[in-house]
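Just so you know, these numbers come straight off a predicted model, no measurement behind them. All chains are named by letter (A, B, ...) in the order of the sequence lines, taking the proteins before the strands, and each is independently numbered beginning at 1.
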Protein chains: 2
Amino acid sequence: MSTIKDVAKEAKVSIATVSLVVHKHNRISAETSKRVNKAIKKLNYHPSRSGRRLVSQKTGNIGFILTDDHFLRSEPFYTRIFLGTEFEARNYEYYILLTTIPSNYDVKDHPPRFILEKNVDGVIIAGKVPVSIISQIEKYNLPIAFVDFYPPSNEYPVVLIDNISGGMAATQFLIKKNHKNIGFIAGDIGHPSIYDRFRGYKMAMDYAGLDFSELNYIVDENYTARENGYNAVKKLLEINNDITAIFACNDAMAIGVVQFLNEKGISIPNDISVIGFDDVEADLSLDPPLSSVRVPKYEMGIEVMKLMADLLKNKDATKKKILVSVELIDRGSVMDLTLKIPMPA
Amino acid sequence: MSTIKDVAKEAKVSIATVSLVVHKHNRISAETSKRVNKAIKKLNYHPSRSGRRLVSQKTGNIGFILTDDHFLRSEPFYTRIFLGTEFEARNYEYYILLTTIPSNYDVKDHPPRFILEKNVDGVIIAGKVPVSIISQIEKYNLPIAFVDFYPPSNEYPVVLIDNISGGMAATQFLIKKNHKNIGFIAGDIGHPSIYDRFRGYKMAMDYAGLDFSELNYIVDENYTARENGYNAVKKLLEINNDITAIFACNDAMAIGVVQFLNEKGISIPNDISVIGFDDVEADLSLDPPLSSVRVPKYEMGIEVMKLMADLLKNKDATKKKILVSVELIDRGSVMDLTLKIPMPA
DNA sequence: TAAAATAAGTTAAACGTTTAACCCAAATTA
DNA sequence: TAATTTGGGTTAAACGTTTAACTTATTTTA
């Protein structure tokens, strides 16, 4: 493979000239430029990263950090975000180095190797991580951007899901189908995303002038997995059997809801409508497939990369917060009550 | 951040000595070593990749290539492989640079940027890729290893699924449960993996002394998606209604089979048993969940990284082929006919 | 016409390592 | 004792770029 020296020799110029041509510096005349470019093509020259890195003190790499937990999640949520980031990184000529950290990362632990070896120009943190890793990275004075995580300070650019409007959209979809007794099922309500979905639900009910009682329509569990959805809907229906529609705070819980209703012979959507949030793969294989609120994971990855690129160009770039919009996906697990023939009394 | 110079000054030795200590070269006395190591700790020194790369002519990176198609697959098959590779790479102090190429990659197209920029020491290719990309990479004289793809020559280390034994295992599992009329459903039989699963099926039937007629038990479609499974089982049951168990060549088709049987009110596993191959997430949300043959994607990623590390150490390393074993996962979609009470005639 | 500005290129230092070649003192050998 | 080996380190070149500072020739200005 040819180096800048080979090109210089071929074009009969100094290596500096070659470099200047490559960087389209205007000090070089058009003819020389042409001659050099011809040599570059002839020798199939591409500047080597290794040389460039050393002198420019830039690696051309971005670190992408997430926890083992998230890394090993069965639903490929963060994986998708990563793929979006990787794709967008090409537009900026960056490479992404992905690594995971233990979810119980401690200040005593080594920071990721790419930080120690100065092998990244910036770091993207995806999902919830221990604060200790953040303070570690701050020590190395690296630009940081977050995606799907509320960072501990306002200093950082961040990409978040617009959970409030998603919660509203799901609820309003049910309201438009003439549902009035709408249950909301939450797991860990302390989680910011879940809480915001709940807020969206409340706002939508409020705007529509629909009454709701927290006692009847919210059921708390500590986690948001399938079994919690199963248990939650069970409790909810025990204390309120007028419910015609259920909005589960995420698809994992929604699937638990579906399992419970199936077992009890309660037909979806004929007896009870169900809508979830996240739009994961598993939704498609339910019968009927689950209506849900799509979270654009790939696009989130793209957005956070854009923020990072901004930040690298201009360290004082505004620390933007981006809320990505969600989209309602109707797959038939919601019944339109307007069309339903009323049962004889 | 401190450099080798800072350490040298601190320890009052030359930078060469620091380097030799870092590399545990035996030319340095124990005392000097200790002094240098103390300085290294004090200054929190870690050799910079950029410096090291340039002189060693090694990047410390491995390229990971797959096609857009595979990259965007809804089932995270190659993603899992990638994650395994990334994880294992840490043990060898390598980073993985992931990139995709168009599935219609042409010789005229640019090779991935990390190749042009000499930013990788070797390349791992995952899944089926156009041969043109392989010959392109060969030009750059980079070590290549394959995973889940039969490379066009014997020159390369490769990690493959042991499809034949998987096909046998699935079939033998059905045979053990006393099934005798076992249908096999294949999509694209021209695909090496599918064909090998079919061979496993045939061998198992043969060993068990069970007769089978290709006309009755094989149904061809061009693809292996859900709708093909749906269509295939429909045709299969039209020409043969003695079948008590169906082995679908992959889970996507198996899910199509399940959908068809559900629609027709044919109970799984009471009327017909079903087993798939791949063990994808969606299997769990079926009712009953699908029994399948688990493919250890993560482990495949690990294995291919090991082969790559071997290859980088020793360019003449044996070009091993590794067949990773699969594992039968029983989730209740198969009925044990031995226990079934015979219907009164 | 002399001085100043400009255009177009070159020189050389620097980035942070690794490592072959070298050096010197002390120990060993003949 | 003189020559040789060994141990323990240092010197300096090299890797492939970028870029500030410099040079030289030409053009512009006063």
Side-chain angles (χ1 to χ4, degrees), chain A residues 1-40 43-61 93 113-121 140, chain B residues 1-40 43-61 93 113-121 140:
Chain A
M1 296 213 50
S2 46
T3 74
I4 199 170
K5 276 186 200 163
D6 305 323
V7 176
K9 200 180 289 173
E10 172 76 22
K12 298 194 194 311
V13 293
S14 72
I15 62 166
T17 303
V18 177
S19 179
L20 293 173
V21 168
V22 167
H23 291 282
K24 302 200 197 331
H25 198 287
N26 62 4
R27 204 190 307 170
I28 307 299
S29 72
E31 316 169 64
T32 311
S33 251
K34 217 158 92 186
R35 206 167 71 249
V36 170
N37 278 318
K38 220 167 94 184
I40 287 177
L43 300 179
N44 190 26
Y45 167 72
H46 290 265
S48 132
R49 278 269 156 177
S50 303
R52 189 172 265 190
R53 282 170 63 124
L54 197 53
V55 63
S56 72
Q57 300 287 76
K58 305 258 168 262
T59 64
N61 297 335
E93 309 234 304
R113 198 166 40 99
F114 55 52
I115 292 179
L116 295 175
E117 290 184 340
K118 305 192 248 317
N119 204 5
V120 293
D121 299 333
Y140 289 87
Chain B
M1 294 213 54
S2 45
T3 72
I4 199 170
K5 276 186 200 164
D6 304 321
V7 176
K9 200 181 291 174
E10 171 77 21
K12 301 192 193 311
V13 292
S14 70
I15 62 164
T17 303
V18 177
S19 180
L20 293 174
V21 168
V22 167
H23 292 281
K24 302 202 198 330
H25 198 287
N26 62 4
R27 206 192 306 170
I28 307 298
S29 73
E31 316 168 65
T32 311
S33 250
K34 219 158 89 186
R35 206 167 70 249
V36 169
N37 278 317
K38 221 167 91 185
I40 287 177
L43 301 178
N44 191 27
Y45 168 72
H46 289 265
S48 132
R49 278 269 156 176
S50 302
R52 189 173 266 188
R53 281 170 65 125
L54 196 54
V55 63
S56 71
Q57 301 287 75
K58 305 260 168 258
T59 66
N61 297 334
E93 310 233 304
R113 196 166 42 98
F114 55 52
I115 292 178
L116 296 175
E117 291 186 338
K118 304 192 248 322
N119 204 5
V120 293
D121 300 333
Y140 289 86

Exercise for review: Could you tell me whether the phosphate oxygens of C:dC15, OP1 or OP2, come under 4.0 Å of any side-chain nitrogen or oxygen in A:S56?
Suggested key: no
Check your understanding: Ignoring hydrogens and geometry, is there a side-chain-to-backbone donor-acceptor pair from B:S56 to B:R52 under 3.5 Å?
Key -> yes
Exercise for review: Look at the side-chain N and O atoms of A:R53 and state whether any lies under 4.0 Å from the OP1 or OP2 oxygen of D:dG16.
Suggested key: no
Review point. Can any side-chain N or O of A:S2 pair as donor or acceptor with the backbone N or O of A:L43 at less than 3.5 Å?
Key: yes
Revision key, fill the gap. In short, A:D121 meets A:T59 closest at the heavy-atom pair OD1-N, 2.7 Å
Exercise for review: Rounded off to whole Å, could you give me the NZ-to-C1' distance for the A:K24 and D:dT19 pair?
Suggested key: 18 Å
Check your understanding: Do B:L20 and B:T17 come within less than 4.5 Å of each other through their side chains, counting heavy atoms only?
Key -> no
Exercise for review: Specify the angle, to 10°, made by the local axes at the two ends of the helix from C:dT1-D:dA30 to C:dA30-D:dT1 when five pairs are taken at each end.
Suggested key: 50°
Check your understanding: C:dG16 P sits how many Å from B:D6 CG, rounded?
Key -> 9 Å
**Study point:** For the student: nearest non-hydrogen atoms of B:G60 and B:R49, plus distance
**Key:** CA-NH1, 3.1 Å
**Study point:** d(CD1, A:I4; C1', D:dA14) in whole Å
**Key:** 16 Å
Exercise for review: Considering just the side-chain nitrogens and oxygens of A:T3, establish if one lies under 4.0 Å of OP1 or OP2 belonging to D:dG16.
Suggested key: no
Exercise for review: Identify, between B:V18 and A:V13, the residue whose nearest nucleotide on DNA chain C lies closer to the 5' end.
Suggested key: A:V13
Point to revise | Comparing B:A30 and B:G51 on DNA chain D - which has the more 5′ nearest nucleotide | key: B:A30
Exercise for review: May I ask you to evaluate whether B:S48 reaches the phosphate of C:dC15, defined as a side-chain N or O under 4.0 Å from OP1 or OP2?
Suggested key: no
Check your understanding: Looking at A:K58, does any N or O in its side chain come under 4.0 Å of the phosphate oxygens OP1/OP2 on C:dC15?
Key -> no
Review point. Can any side-chain N or O of B:H25 pair as donor or acceptor with the backbone N or O of B:R27 at less than 3.5 Å?
Key: yes
Revision key, fill the gap. Heavy-atom closest pair (A:R35 atom, A:A11 atom, distance to 0.1 Å) is NE-O, 3.0 Å
**Study point:** OP1 or OP2 of C:dT18 under 4.0 Å from side-chain N/O of B:Q57
**Key:** no
Practice item. Ignoring backbone atoms, test whether A:S19 places a side-chain nitrogen or oxygen under 4.0 Å from the OP1 or OP2 oxygen of D:dT18. Key: yes
Review point. Using a cut-off of 4.0 Å on non-hydrogen atoms, how would the nucleic acid contact of A:S29 be classed: base, sugar-phosphate, or nothing?
Key: sugar-phosphate
Check your understanding: Is there side-chain contact between A:K9 and A:I15, with at least one heavy-atom pair below 4.5 Å?
Key -> no
Check your understanding: From C:dG9, D:dG9, C:dT11, pick the nucleotide closest to the side chain of A:T17?
Key -> C:dG9
Practice item. Might you point out which heavy atoms bring A:L116 and B:M1 nearest each other, and give the distance in Å? Key: O-CE, 4.0 Å
Check your understanding: Are OP1 or OP2 of D:dT17 and a side-chain N or O of A:K5 less than 4.0 angstrom apart?
Key -> no
Point to revise | B:E31 CD to D:dG8 P, straight-line distance once rounded to whole Å | key: 9 Å
Check your understanding: Of the non-hydrogen atoms in B:Y45 and B:T3, which two are nearest, and what is the gap between them?
Key -> CE1-C, 3.5 Å
Review point. Below 4.0 angstrom from OP1 or OP2 of C:dT18, is there any side-chain N or O of B:R52?
Key: yes
Practice item. Give the rounded distance in Å between these two atoms: CG of A:N26 and C1' of C:dT6. Key: 12 Å
Revision key, fill the gap. Of D:dT17, D:dG9, C:dG16, the nucleotide closest to the side chain of A:I15 is D:dT17
Practice item. Round to the nearest Å and state the distance from B:H23 atom NE2 to D:dG9 atom C1'. Key: 17 Å
With 3.5 Å as the limit, what N/O pairs link the protein to nucleotides 20-22 of chain C?
residue, atom, partner, partner atom, Å
C:dA21, N6, B:R27, NH1, 2.9

**Study point:** Minimum heavy-atom distance A:V22-A:P47, with the two atoms named
**Key:** CG1-CG, 4.1 Å
Review point. Looking for any heavy atom pair under 4.0 Å, which part of the strands does A:H46 touch: base, sugar-phosphate only, or nothing?
Key: sugar-phosphate
Review point. Nearest-Å distance, CG (B:N119) to P (D:dT17)?
Key: 13 Å
Practice item. Could you check how far CG of A:L54 sits from P of D:dT17, rounded to whole Å? Key: 12 Å
